[in-house]
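One-based numbering, in listed order, for ligands and for the atoms of each.
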Amino acid sequence: MKKKILTGLQPTGVITLGNYIGAIKQMVEMQEEYESYLFVADLHAITVPQDPVELKKNRRSLIALYLACGIDPKKNHIFFQSENEYHANISWLLECNTYFGELSRMTQFKDKSQKHQNFTAGLFTYPVLMAADILAYDVDYVPVGIDQKQHVELARDIAERFNKKFGTTFKIPEPLIKENATKIYDLVDPTKKMSKSEENPKGVIRLLDPLDVVRKKIMGATTDSLMSIKYDPENQPGISNLINIYSAMTNKNYSEIEDEFKDSNYGTFKKAVADSVVSTLEVIQKDYNTYLNSSELDDILDSGREFSRKIAKEKFEDMKEKMGFSRK
Ligand code: AMP
Ligand code: TRP
């Protein structure tokens with residue numbers, strides 16, 4: 001039987017080429033090996049203020065984009081967290097088995113509560129909802145960025161405590177941290193990570209940027225005066241970043257790329273990089289628009305909801321029974 005993985009995606013911000021190369025491509029590869037649960041963590045999104053119109057748009061757009069990037073609806077159970085009421089139900093039962101002190105130690109809470117003057121109780125209990133997301137499905141692995149590792153560890157602690165107190169109920173999940181994923185840097189300042197929250201849009205490629213804008217951003221990328229196309233992140237961070245991008249788009253390795261461009265100038269190389277990114281994004285954007293307006297997307301979400309509700313309901317009933325909520 002296939003092992004299970006689960007990931008939640010927050011429907012905030014615009015997805016960048018860095019996210020695509022560093023995270024989404026890996027998920028597309030992993031779906032071959034694992035049974036995968038993939039949901040939009042829309043209940044997590046509202047732990048900080050959200051505009052309802054934006055939230056509604058972003059949830060759907062996120063799923064359409066992931067499907068366009070190659071997430072296969074036949075290999076993933078895809079759903080909205082808020083359409084499966086058992087997540088919030090399970091979360092309450094878990095909250096009453098989680099200590100205030102444990103939640104106070106979460107570094108994400110410490111950071112975010114400092115940023116928002118009036119932060120909500122939801123921001124504090126956020127990691128318990130995340131534990132519910134994970135524990136409802138008895139998953140083996142939770143692929144996450146390093147910033148979420150502490151939350152997965154808390155989910156393990158909560159599960160172990162519950163199992164000890166009420167009898168074995170949950171599988172203990174493991175975080176799966178992608179360590180050797182390629183990091184993509186900002187095109188204007190190639191010493192910092194390409195980030196959703198960067199203010200200067202010239203350095204960041206968003207998957208839904210118009211293609212002529214994408215081309216301009218790559219042609220304008222910061223390079224150096226060494227005039228050689230070599231993978232050398234220390235001395236040529238800009239060129240090395242472009243090599244990484246080109247490698248991810250074409251599946252060519254560094255030496256193949258160095259060889260291909262050994263007699264080229266930077267302009268020729270940048271044009272090749274731009275062509276490779278533009279042709280990848282062209283297909284993604286076309287598929288995105290098709291999915292966004294199709295009833296197929298709703299069918300995918302309906303079947304993901306039904307599948308996930310059935311499993312999470314069983315877990316919820318089992319927990320209630322063990323905690324003393326049955327009539328007889
Ligand atoms: P974030 O955009 O920080 O929410 O990250 C979502 C996922 O994308 C995480 O798995 C990150 O490790 C990955 N990611 C974000 N930015 C980059 C980048 N510039 N290069 C590579 N991976 C990235
Ligand atoms: N907290 C995660 C983030 O901000 C999103 C998330 C919610 C999640 N529930 C999850 C990730 C369960 C993995 C498993 O990125």
Side-chain angles (χ1 to χ4, degrees), residues 4-30 36-48 58-59 62 65-66 69 77 79-82 84 87-88 90-91 94 106-109 111-112 122-123 125-156 158-159 173-198 203-207 233 237 240-241 244-245 247-248 308 312:
K4 290 191 202 172
I5 55 174
L6 171 140
T7 314
L9 311 161
Q10 289 225 39
T12 45
V14 273
I15 293 176
T16 69
L17 191 67
N19 295 131
Y20 176 69
I21 294 173
I24 304 177
K25 279 187 78 188
Q26 268 81 346
M27 285 167 64
V28 171
E29 282 160 24
M30 275 194 290
S36 163
Y37 290 78
L38 188 66
F39 63 93
V40 177
D42 48 5
L43 296 175
H44 277 103
I46 61 165
T47 56
V48 296
N58 289 344
R59 295 193 321 161
L62 185 64
L65 196 52
Y66 270 74
C69 288
H77 308 295
F79 59 101
F80 289 138
Q81 184 186 32
S82 61
N84 181 340
H87 287 233
I90 292 172
S91 184
L94 294 180
M106 295 291 118
T107 52
Q108 181 184 278
F109 170 71
D111 292 347
K112 287 198 182 173
L123 190 67
T125 57
Y126 169 126
V128 190
L129 178 60
M130 182 160 159
D133 299 338
I134 297 167
L135 300 178
Y137 302 101
D138 290 323
V139 299
D140 297 279
Y141 301 109
V142 185
V144 280
I146 190 82
D147 60 312
Q148 296 296 322
K149 186 171 175 226
Q150 196 186 28
H151 292 157
V152 180
E153 282 164 357
L154 179 73
R156 289 168 59 92
I158 296 174
E174 276 182 52
L176 199 67
I177 314 285
K178 310 165 285 281
E179 259 150 21
N180 47 11
T182 308
K183 202 165 168 187
I184 301 301
Y185 292 88
D186 191 277
L187 297 176
V188 174
D189 178 358
T191 60
K192 69 181 186 202
K193 199 176 111 168
M194 184 181 284
S195 160
K196 282 177 188 168
S197 50
E198 168 58 39
V204 179
I205 295 179
R206 308 202 157 109
L207 295 193
S240 302
N241 191 36
N244 266 332
I245 293 174
S247 168
S308 68

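- Taking the side chain as every heavy atom from C-beta outward, Thr191 and Tyr185 never approach each other to under 4.5 Å.
- Between the side chain of Asn241 and the backbone N or O of Pro190 there is no donor-acceptor pair closer than 3.5 Å.
- Taking distance alone, with nitrogen or oxygen atoms compared against 3.5 Å, His151 stays at or beyond that limit from ligand 2.
- With Leu62 as reference, Leu9 is the one residue of Val14, Thr12, Leu9, Asp42 to meet the side-chain contact (heavy atoms from CB on, under 4.5 Å) rule.
- Counting atoms of ligand 2 from 1 in the listed order, those under 4.0 Å from a heavy atom of Ala41 are 7 (C).
- Around ligand 1 you find Gly18, Asn19, Gly22, Ala23, Lys178, Thr182, Lys183, Ile184, Lys193, Met194, Lys196, each with a heavy-atom distance below 4.0 Å.
- Taking the six-membered ring where tryptophan is involved, the planes of His87 and Phe39 are perpendicular, since the angle between them exceeds 60° and thus also 30°.
- Protein heavy atom closest to atom 5 (C) of ligand 2, with residue, atom name and distance, is Gly8 O, 3.5 Å.
- Distances between N or O atoms of Asp133 and those of ligand 2 include at least one value under 3.5 Å.
- Neither the backbone nor the side chain of Tyr37 has a heavy atom within less than 4.0 Å of ligand 2.
- For ligand 2, the polar-atom distance check against Thr7 finds no nitrogen or oxygen pair separated by under 3.5 Å.
- Of all the heavy atoms in Asp186 and Gly203, the pair that sits closest is OD1-CA, 3.4 Å.
- When heavy-atom distances to ligand 2 are checked against a 4.0 Å cut-off, Leu9 has no atom that comes that close, whether in backbone or side chain.
- At under 3.5 Å, not a single nitrogen or oxygen of Gln81, backbone or side chain, sits near a nitrogen or oxygen of ligand 2.
- Within ligand 2, counting atoms from 1 as listed, the ones closer than 4.0 Å to a heavy atom of Val142 are 13 (C), 14 (C).
- Below 4.0 Å from some heavy atom of Leu6 lie the following atoms of ligand 2, by number and element: 12 (C), 14 (C).
- Within 6.0 Å of the NZ atom in Lys183, the count of heavy atoms belonging to other residues, nucleotides or ligands does not exceed 12.
- Atoms of ligand 2 lying under 4.0 Å from any heavy atom of His44, numbered from 1 in the order shown and given with element: 7 (C), 9 (N).
- Evaluation of the salt bridge (charged side-chain N to carboxylate O under 4.0 Å, His left out) rule for Asp138 yields Lys315 as partners, not counting sequence neighbours.
- A distance-only check finds a donor-acceptor pair linking the side chain of Asp140 to the backbone of Lys4 [under 3.5 Å].
- Note: His77 and Tyr137 fail the aromatic proximity criterion, with ring centroids not under 6.0 Å apart.
- Judged by distance alone, the side chain of Gln150 and the main-chain N or O of Thr107 form a donor-acceptor pair under 3.5 Å.
- Each of Arg206, Lys192, Lys193 was checked for a salt bridge (Lys or Arg N to Asp or Glu O under 4.0 Å) with Glu198, and the lone residue meeting it is Lys192.
- Shortest contact from atom 1 (N) of ligand 2 to any protein heavy atom: Tyr126 OH, 2.8 Å.
- Under a 3.5 Å cut-off, the side chain of Asp111 and the backbone N or O of Gln108 do not form any donor-acceptor pair.
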